[in-house]
Amino acid sequence: MVSLLLAIIYLAFISLGLPDSLLGSAWPVMRLELGAPISYAGLVSMIISAGTIVSSLASSRVIRRLGPGLTTAVSVGMTAAALFGFSI
């Protein structure tokens, strides 16, 4: 059980950093598809940072309400959905 929890924690930690680093490598291709200038990457990065701040401020309430296990599972699921959105 402890090993499973440790694996989930490692996956959650890795998944937190993926979207930020993905923007730098995906934006040059994404901007061509969207017809957006390269400078919009800064705006997208600011939106990601604002989302990180909001989620950090709300995390204690969410953990109290859902518990740490469900919160981690939902977080990983939302990150997977975001990565799927990037891939489309």
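Remember, it's a predicted structure, so these values are computed and weren't measured experimentally.
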Original post:
Cluster partners of L66, using ILVMFWY side-chain heavy atoms under 4.5 angstrom, listed by chain and number?
Top reply: V62, L70, V74, M78

**OP:** List the atom of S60, the atom of L57, and the distance in Å for their closest heavy-atom pair.
**Re:** OG-O, 4.4 Å

Subject >> same_hphob_cluster(L34, I48) at 4.5 Å side-chain heavy-atom cutoff >> reply: yes

**OP:** To the nearest 0.5 Å, tell me how far Y40 OH sits from S45 OG.
**Re:** 15.5 Å

Original post:
Considering all heavy atoms of both residues, which atom of I63 and which atom of T71 are nearest to each other, and what is their separation?
Top reply: CA-OG1, 3.7 Å

Original post:
Under a 4.5 Å cut-off applied to non-hydrogen side-chain atoms, are I9 and T72 in contact?
Top reply: no

Subject >> Gap separating the CD1 atom of I38 from the CE atom of M30, nearest 0.5 angstrom >> reply: 12.0 Å

